[in-house]
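The structure appears below as structure tokens.
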Amino acid sequence: MSTREVILTGDTPTGQLHLGHYVGSVRRRVELQDTHDCYFLLANMHAYTTRSHQPNEIHSDTLEIVRDYLAMGINPEKSAIFLQSETPAIAELTFLFAMLLPFNRVMRNPTLKEEIKVKGLGDNYSFGFPLYAVGQTADILAFRAHAVPVGEDQIPHIELTREVARRFNKLYCGIDENVEDDAPEMKNGVFPIPRADVGKVGRLIGTDGVNKMSKSLNNAILITDTPKKVKKKLGQLYTGRQSMTDPGDANSSLMQYVDTFITDETRAAEIKDKYVRGDNIGDGHVKVEVAAAISELLEPMQERRAQYEGDDETIVDIIRGGTARANARTEETLSMAKEACGLDFFSRSITF
């Protein structure tokens with residue numbers, strides 16, 4: 001059995017991934033896959049919470065995410081890419097964990113409330129929509145994950161997961177109520193208390209210069225965008241600066257792009273210094289330079305992605321292999337959890 005820490009994270013299929021996904025989480029996943037046991041979730045069941053009327057699109061979007069993972073550098077030989085819908089332990093643990101969380105606690109989750117607002121759901125969301133917040137705790141704990149690479153907007157979900165892990169361990173594993181998360185006694189529980197692993201860029205501003213990058217807000221740069229399209233999209237980035245002699249804001253959206261994508265630190269520092277001082281450097285010039293850097297980053301991704309275009313069979317084989325590995329881990333967790341809370345009547349096995 002591996003002694004390495006376990007990493008779990010993933011994405012809900014909503015089409016292609018974008019640059020915000022890469023710098024916010026996927027880049028970190030690529031770094032971790034050489035040193036950790038990594039499981040990357042295709043949360044296709046979560047997609048049904050708001051798109052149950054689009055099953056064909058969800059199916060297609062799931063395959064597209066895998067192509068993006070491979071393009072961004074995730075290696076299926078090192079990391080398990082798996083389907084939520086084919087990992088039954090997650091569903092069983094979701095039901096169990098739902099008993100450990102008051103409904104009003106789930107609804108206080110700020111990420112959940114923001115999604116209801118952004119998606120314009122009002123009061124017209126399914127019962128499954130708030131349940132998916134509980135499901136995310138099961139996604140993580142089913143793997144007994146130690147860390148979850150996420151953007152900063154997902155931290156509330158990790159906090160909810162930590163609450164569930166503590167409550168389960170103390171209720172069913174005999175751990176004292178006052179034991180701290182990092183105390184040695186907590187290791188006697190079924191679940192580690194997972195931590196959020198926020199990447200260098202916790203929240204990439206979209207090309208509108210205001211909101212987090214999101215396809216639904218039409219402010220995203222996709223990894224398949226051509227240099228011409230990247231330049232056009234970045235040209236729309238609003239900064240509020242009027243002229244090249246106006247002092248600029250070092251914390252502006254444009255400077256975030258400089259910090260994130262200009263890899264030559266000396267050049268990035270030079271741009272920021274001139275920008276802040278208003279030393280004859282225009283927004284347009286900076287945007288062109290950043291756009292070129294982004295396209296340089298995307299070029300090898302696009303080349304890798306092209307190898308898998310139209311090849312659904314290879315993508316499904318990758319998912320099948322990853323799902324088998326995921327089930328081996330999660331069935332073990334479920335057995336441990338059932339034993340702890342008195343639900344262990346007989347063993348079972350899942351084969352592919």
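None of the values given here were measured: they were computed from a predicted structure. The first residue in the sequence is number 1, and the count goes up from there.
Taking 4.5 Å as the limit, some side-chain heavy atom of Val164 sits within range of a side-chain heavy atom of Leu141. Residues Leu42 and Ile319 have side chains in contact (heavy-atom distance under 4.5 Å, counting atoms from C-beta outward). Looking only at side-chain heavy atoms (C-beta outward), Lys338 and Leu334 come within less than 4.5 Å of each other. Leu222 places a side-chain heavy atom less than 4.5 Å from the side chain of Asp225. Side-chain contact between Ile205 and Met213 is absent, with no heavy atoms from C-beta onward closer than 4.5 Å. Contact annotation: the side chain of Ile7 never approaches that of Val148 to less than 4.5 Å [non-hydrogen atoms, C-beta and beyond]. Within the 4.5 Å cutoff, side-chain heavy atoms of Ile74 are placed close to those of Ser79. No side-chain heavy atom of Val134 sits under 4.5 Å from any side-chain heavy atom of Phe95.
Heavy atoms of other residues, nucleotides or ligands lying less than 6.0 angstrom from NZ of Lys170 number more than 12. With a 6.0 Å radius and a threshold of 12 heavy atoms from other residues, nucleotides or ligands, Asn218 has its CG atom at or below the threshold. Around the CD atom of Glu57, the shell of radius 6.0 Å holds more than 12 heavy atoms that belong to other residues, nucleotides or ligands.
Using modelled atom types and a 3.5 Å distance limit, the side chains of Thr14 and Thr12 yield no donor-acceptor pair. For the residue pair Thr224 / Gln302, no side-chain donor-acceptor distance below 3.5 Å is found, with atom types taken as modelled. In the model, Asp208 has no side-chain atom that pairs as donor or acceptor with a side-chain atom of Gln236 under 3.5 Å. At a cut-off of 3.5 Å, with distance as the only test, a side-chain donor of Asn44 or Ser85 sits close to an acceptor on the other residue. Inspection of the Tyr172 and Glu339 side chains reveals no N or O donor paired with an N or O acceptor under 3.5 Å. No donor-acceptor contact under 3.5 angstrom links the side chains of Asp317 and Thr314, judged on distance only.
A donor-acceptor contact shorter than 3.5 Å links the side chain of Lys233 to the backbone of Ala220. With hydrogens and angles disregarded, no donor-acceptor distance shorter than 3.5 Å links the side chain of Thr94 to the backbone of Ala138. Side-chain N or O atoms of Ser335 include none that pairs as donor or acceptor with a backbone N or O of Glu331 at under 3.5 Å. Under a 3.5 Å cut-off, the side chain of Ser252 and the backbone N or O of Gly248 do not form any donor-acceptor pair.
Here Arg348 pairs with Glu92 in a salt bridge; the nearest charged N to carboxylate O distance falls below 4.0 Å. Between Asp153 and Lys212 there is a salt bridge, with a side-chain nitrogen of the basic residue lying less than 4.0 Å from a carboxylate oxygen of the acidic one. Note on Asp249 versus Arg241: no salt bridge recorded, every NZ/NE/NH1/NH2 to OD/OE distance being 4.0 Å or above. Salt-bridge check for Arg67 with Asp312: passed, with a basic side-chain N closer than 4.0 Å to an acidic carboxylate O. Electrostatic pairing of Arg166 and Glu163 does not count as a salt bridge here, judged by no charged N lying under 4.0 Å from a carboxylate O. The pair Asp283-Lys287 does not count as a salt bridge, with every side-chain nitrogen at least 4.0 angstrom from each carboxylate oxygen.
Looking at every heavy atom in both residues, Thr87 comes nearest to Asn327 through CA-OD1, 3.4 Å. Smallest separation of non-hydrogen atoms from Ile175 and Gly189: CD1-N, 3.4 Å. Contact between Pro156 and Asn109 at its shortest, heavy atoms only, is CB-OD1, 3.5 Å. The two atoms that bring Lys78 and Arg325 nearest to each other are O-NH2, 3.7 Å, heavy atoms only. Of all the heavy atoms in Ala142 and Thr333, the pair that sits closest is O-OG1, 2.6 Å. Residues Pro130 and Val106 come closest through the heavy atom pair O-CG1, 3.5 Å.
Taking CD of Glu159 as the start and OG1 of Thr137 as the end, the distance is 13.0 Å to the nearest 0.5 Å. For the atom pair CG (Leu83) and OG1 (Thr323), the distance works out to 4.5 Å, reported to the nearest 0.5 Å. Summarising the geometry, atom OG1 belonging to Thr111 is positioned 8.5 Å from atom CD belonging to Glu114; distances are rounded to the nearest 0.5 Å. Considering CG of Leu8 and OG1 of Thr330, their distance stands at 10.0 Å, rounded to 0.5 Å. One finds the CG atom of Leu70 at 5.0 Å from the CD1 atom of Ile81 (value rounded to the nearest 0.5 Å). Within the model, atoms CD of Glu5 and SG of Cys38 stand 10.5 Å from one another, a figure rounded to the nearest 0.5 Å.
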Could you go step by step and tell me if Arg51 and Asp61 meet the salt bridge (charged side-chain N to carboxylate O under 4.0 Å, His left out) rule? CA-CA 12 Å; Arg51 298 172 61 206; Asp61 289 346; 3.0 Å; yes
Does the pair Lys274 and Asn280 meet the rule for a side chain to side chain contact (heavy atoms under 4.5 Å, CB included), with working shown? CA-CA 7 Å; Lys274 295 183 71 174; Asn280 200 37; 5.8 Å; no
Quick one, Asp139 with Gln84, criterion side chain to side chain donor-acceptor pair (under 3.5 Å). Give me CA distance, side-chain angles, the key distance, then yes/no. CA-CA 8 Å; Asp139 294 336; Gln84 185 181 51; 3.0 Å; yes
Begin with the C-alpha distance, continue with both residues' side-chain angles, and end with the deciding distance and a verdict on side chain to side chain donor-acceptor pair (under 3.5 Å) for Tyr275 and Glu270. CA-CA 8 Å; Tyr275 188 82; Glu270 178 186 2; over 6 Å; no
Could you walk me through whether Ile140 and Tyr39 pass the side chain to side chain contact (heavy atoms under 4.5 Å, CB included) test, one step at a time? CA-CA 10 Å; Ile140 298 164; Tyr39 297 88; over 6 Å; no
Are His146 and Arg195 close enough, and set up right, to give a side chain to side chain contact (heavy atoms under 4.5 Å, CB included), and what steps lead you there? CA-CA 6 Å; His146 299 91; Arg195 63 184 182 275; 4.2 Å; yes
After noting the C-alpha distance and the side-chain angles of Glu86 and Arg320, does the key distance pass the salt bridge (charged side-chain N to carboxylate O under 4.0 Å, His left out) rule? CA-CA 9 Å; Glu86 297 297 337; Arg320 183 183 294 110; over 6 Å; no
Go through it in stages, so that I can follow the logic: the residues are Arg162 and Asp181, the test is side chain to side chain contact (heavy atoms under 4.5 Å, CB included), and I'd like the CA-CA distance, side-chain angles, deciding distance and then a yes or no. CA-CA 9 Å; Arg162 290 165 62 85; Asp181 292 349; 3.0 Å; yes
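The aromatic rings of Phe97 and Phe191 lie perpendicular to each other, with more than 60° between the two planes, well past the 30° mark.
With hydrophobic clusters built from ILVMFWY side chains whose heavy atoms lie under 4.5 angstrom apart, Val230 shares a cluster with Val286.
Taking the centre of each ring, Tyr69 and His21 stay at or above the 6.0 Å mark. Aromatic ring centres of Phe143 and Phe82 lie closer together than 6.0 Å.
Residue Glu289 forms a side-chain contact (heavy atoms from CB on, under 4.5 Å) with just one option from Val258, Leu234, Ile262, Ile281, and that option is Ile262.
A cation-pi contact, defined as under 6.0 Å to the ring centre and within 45° of the axis, links Arg29 to Phe40.
Note on residues 298-309: pairs passing salt bridge (Lys or Arg N to Asp or Glu O under 4.0 Å), not counting sequence neighbours, are Glu64-Arg305, Asp68-Arg305, Arg305-Glu309.
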